[in-house]
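What follows is a short report on a single structure.
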Amino acid sequence: MNIRVGDEIPPWVMPSVRPERMRTMAAILRDPNPVHWDPDVCEKNGFGRHTINQGPLGLSYMVNMLHAWAGPRCLRRLIMRFPLVVLDGDRITARGRVTAVREEAGETLVDCDVWLERDGTANPLEGSATVVLPD
């Protein structure tokens, strides 16, 4: 891979966040928060008649993008902020841009800014990642 600062990471798209996945993930995580499965609760809190995606699911979209780009063992560091929620029905795109490339201990490490876009506008997750490029 010939990677340079400013290069964009190929985007990864979740065409529609589904409430069924949120309910399943709530059960797996033993997450009792009703915002993940009860649209009445979300509506009372100003989010409309939706449910809110769990943070780990949103984070997984970012990881999927990085794995698709640099391989399943690439991730060295991932720091994320969750400034906005992801709602059921949202079209989410994981995106990233290379900010630094360096050699360290015989590996090529790439630092990136990474974020999720909701329907091409708002960024419900944003952060940075360091990945190692495959040989």
Side-chain angles (χ1 to χ4, degrees):
M1 283 183 153
N2 186 16
I3 303 297
R4 295 187 178 127
V5 171
D7 285 354
E8 292 200 16
I9 298 169
W12 187 92
V13 177
M14 173 57 76
S16 181
V17 177
R18 306 302 318 148
E20 299 82 19
R21 288 184 184 181
M22 292 179 212
R23 283 192 297 274
T24 300
M25 194 63 160
I28 290 169
L29 295 173
R30 296 181 182 185
D31 184 348
N33 192 335
V35 300
H36 302 306
W37 46 267
D38 187 347
D40 291 334
V41 170
C42 290
E43 189 170 37
K44 288 177 187 172
N45 285 294
F47 293 103
R49 191 131 182 90
H50 294 283
T51 50
I52 297 175
N53 203 28
Q54 288 88 351
L57 282 176
L59 185 61
S60 74
Y61 308 150
M62 198 75 63
V63 171
N64 287 342
M65 174 193 66
L66 294 168
H67 283 178
W69 176 56
R73 304 178 110 195
C74 71
L75 201 53
R76 292 294 186 267
R77 181 179 65 105
L78 182 60
I79 299 171
M80 297 303 301
R81 289 182 345 104
F82 298 76
L84 300 171
V85 298
V86 173
L87 300 171
D88 68 83
D90 283 350
R91 183 184 200 289
I92 296 294
T93 303
R95 297 190 177 276
R97 183 173 296 112
V98 174
T99 59
V101 180
R102 66 185 185 283
E103 294 293 323
E104 195 173 290
E107 295 181 314
T108 302
L109 297 177
V110 179
D111 296 324
C112 310
D113 287 336
V114 292
W115 64 94
L116 291 184
E117 287 180 358
R118 177 185 17 248
D119 299 319
T121 57
N123 295 348
L125 275 77
E126 56 191 24
S128 62
T130 300
V131 300
V132 62
L133 295 182
D135 293 333

Task: Nearest atoms (heavy-atom pairs only) where Ser16 meets Gly89 - done: OG-CA, 3.8 Å

TODO: Flag yes if Trp115 and Val131 sit in one hydrophobic cluster, no otherwise; membership is Ile, Leu, Val, Met, Phe, Trp, Tyr, and two members link when side-chain heavy atoms are under 4.5 Å apart.
DONE: no

TODO: Find out whether Leu109 and Val101 are in side-chain contact, i.e. whether some heavy atom of one side chain is under 4.5 Å from a heavy atom of the other.
DONE: no

Task: Main-chain N/O of Arg91 paired to Asp119 side chain as donor or acceptor, under 3.5 Å - done: yes

Open item on the list: Any heavy-atom pair between the side chains of Phe82 and Leu116 that's under 4.5 Å?
Closed with: no

Task: Pair Leu133-Cys74, side-chain contact (heavy atoms from CB on, under 4.5 Å): steps then yes or no - done: CA-CA 6 Å; Leu133 295 182; Cys74 71; over 6 Å; no

- [ ] Group every Ile, Leu, Val, Met, Phe, Trp and Tyr by side-chain heavy-atom contacts under 4.5 Å, then state whether Val132 and Val98 land in the same group.
- [x] no

Open item on the list: Are Leu78 and Leu59 packed together at the side-chain level, in the sense that at least one heavy-atom pair is separated by less than 4.5 angstrom?
Closed with: yes

Task: Student check: side-chain heavy atoms of Ile9 and Leu66 closer than 4.5 Å - done: yes

Task: Shortest non-hydrogen contact between Asn53 and Leu57, atoms and distance - done: OD1-CD1, 3.1 Å

TODO: Specify the closest pair of heavy atoms between Thr51 and Pro19, including all atoms of both residues, with the distance to one decimal.
DONE: OG1-CB, 3.8 Å

Open item on the list: Could you go through Tyr61 and Val13, starting from their C-alpha distance and side-chain angles, then the distance that decides it, and tell me whether this counts as side-chain contact (heavy atoms from CB on, under 4.5 Å)?
Closed with: CA-CA 8 Å; Tyr61 308 150; Val13 177; over 6 Å; no

TODO: Please indicate whether Arg4 has more than 12 foreign heavy atoms, meaning atoms of other residues, nucleotides or ligands, lying under 6.0 Å from its CZ.
DONE: no

- [ ] Could you tell me whether the side chains of Arg77 and Thr130 share a donor-acceptor contact shorter than 3.5 Å?
- [x] yes

Task: Test item: side-chain donor near acceptor, Thr93 and Glu117, under 3.5 Å - done: no

Task: Side-chain H-bond candidate by donor/acceptor type, Asp111 with Thr99, under 3.5 Å - done: no

Task: Non-hydrogen side-chain atoms of Glu126 and Asn123 separated by less than 4.5 Å - done: yes

Task: Non-hydrogen side-chain atoms of Arg21 and Met14 separated by less than 4.5 Å - done: yes

- [ ] Given side-chain contact (heavy atoms from CB on, under 4.5 Å), test Ile92 with Val17 step by step and report yes or no.
- [x] CA-CA 7 Å; Ile92 296 294; Val17 177; 3.8 Å; yes

TODO: Walk me through it: do Met62 and Met65 pass the test side-chain contact (heavy atoms from CB on, under 4.5 Å)?
DONE: CA-CA 5 Å; Met62 198 75 63; Met65 174 193 66; 3.9 Å; yes

Open item on the list: When you measure from the side chain of Asp38 to the backbone of Val35, do you find a donor-acceptor pair of N or O atoms at a distance under 3.5 Å?
Closed with: no

Task: Heavy-atom side-chain proximity of Val41 to Glu43 below 4.5 angstrom - done: no

TODO: State whether a side-chain donor-acceptor pair under 3.5 Å links Asp113 with Ser128.
DONE: no

- [ ] Could you tell me which non-hydrogen atom of Pro134 sits nearest to which non-hydrogen atom of Ala70, and how far apart they are?
- [x] CD-O, 3.5 Å

- [ ] Determine the minimum heavy-atom distance between His36 and Met22, stating which atoms define it.
- [x] O-CB, 3.3 Å

- [ ] Flag yes if Trp37 and Val86 sit in one hydrophobic cluster, no otherwise; membership is Ile, Leu, Val, Met, Phe, Trp, Tyr, and two members link when side-chain heavy atoms are under 4.5 Å apart.
- [x] no

Task: Nearest heavy-atom neighbours spanning Trp69 and Pro10 - done: CD1-CD, 3.3 Å

TODO: Mind checking the CG-CG spacing from Leu84 to Leu125? Nearest 0.5 Å is all I need.
DONE: 9.0 Å

TODO: Mark yes when over 12 heavy atoms from residues, nucleotides or ligands other than Arg102 sit less than 6.0 Å from its CZ; otherwise mark no.
DONE: yes

Task: Any side-chain heavy-atom pair of Val63 and Leu75 under 4.5 Å - done: yes

Task: Arg118 side chain vs Val85 backbone, donor-acceptor pair below 3.5 Å - done: yes

